[in-house]
Novice: 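One structure, as structure tokens, below. Some questions next.
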Amino acid sequence: MDAVDLVTREQLRAEHRFEQQRKALAAKPVPQSATECAECGNDIPEGRRRAIKGVQLCTECQSLSEK
């Protein structure tokens, strides 16, 4: 087996792992988006709820939680 075959085999393995991870994430149930922030109670805009399925935090609280 030459170097090209090894690279091809590893690429196929990586693609298979990625596909398995993608399927696992897609199969996870997504909670319904909240209309109010779970942290501060402020309204979560409809656009944010549509864009981010299962959103629970407003943009300000989300930013704070990521710091």
Novice: Is the backbone N or O of G54 less than 3.5 Å from a side-chain atom of Q56, with the two atoms forming a donor-acceptor pair by type?
Specialist: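 Answer holds: yes.
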Novice: Using a 3.5 Å distance criterion without hydrogens, assess whether the side chain of R49 forms a donor-acceptor pair with backbone atoms of I44.
Specialist: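 Yes: the side chain of R49 pairs with the backbone of I44.
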Novice: Quick check for you: to the nearest 0.5 Å, what is the distance between E46 atom CD and S33 atom OG?
Specialist: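 Taking CD in E46 and OG in S33, the distance rounds to 10.5 Å.
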Novice: How far does NZ of K23 sit from CG of L25, to the nearest 0.5 angstrom?
Specialist: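 Interatomic distance, K23 NZ to L25 CG, rounded to 0.5 Å: 13.0 Å.
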Novice: Roughly how far, to the nearest 0.5 Å, is the OG1 atom of T59 from the CG atom of N42?
Specialist: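 Reported to 0.5 Å precision, the distance equals 9.5 Å.
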Novice: List the residues meeting side chain to side chain donor-acceptor pair (under 3.5 Å) with R17, not counting sequence neighbours, and say none if there are none.
Specialist: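 None.
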Novice: State the CD-CD distance between E39 and Q62, to the nearest 0.5 angstrom.
Specialist: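 Those atoms lie 9.5 Å apart.
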Novice: Quickly, which of L6, V7, D2 forms a side chain to side chain contact (heavy atoms under 4.5 Å, CB included) with V4? Name it, please.
Specialist: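 For V4, the side chain to side chain contact (heavy atoms under 4.5 Å, CB included) test succeeds with only one of L6, V7, D2, which is D2.
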Novice: Partners of E19 by salt bridge (charged side-chain N to carboxylate O under 4.0 Å, His left out), sequence neighbours excluded?
Specialist: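 If we apply the salt bridge (charged side-chain N to carboxylate O under 4.0 Å, His left out) test to E19, skipping adjacent residues, the hits are R22.
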Novice: Is the backbone of L57 close enough, under 3.5 Å, to the side chain of R48 for a donor and an acceptor to pair up by distance?
Specialist: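 Yes; at least one donor-acceptor contact below 3.5 Å.
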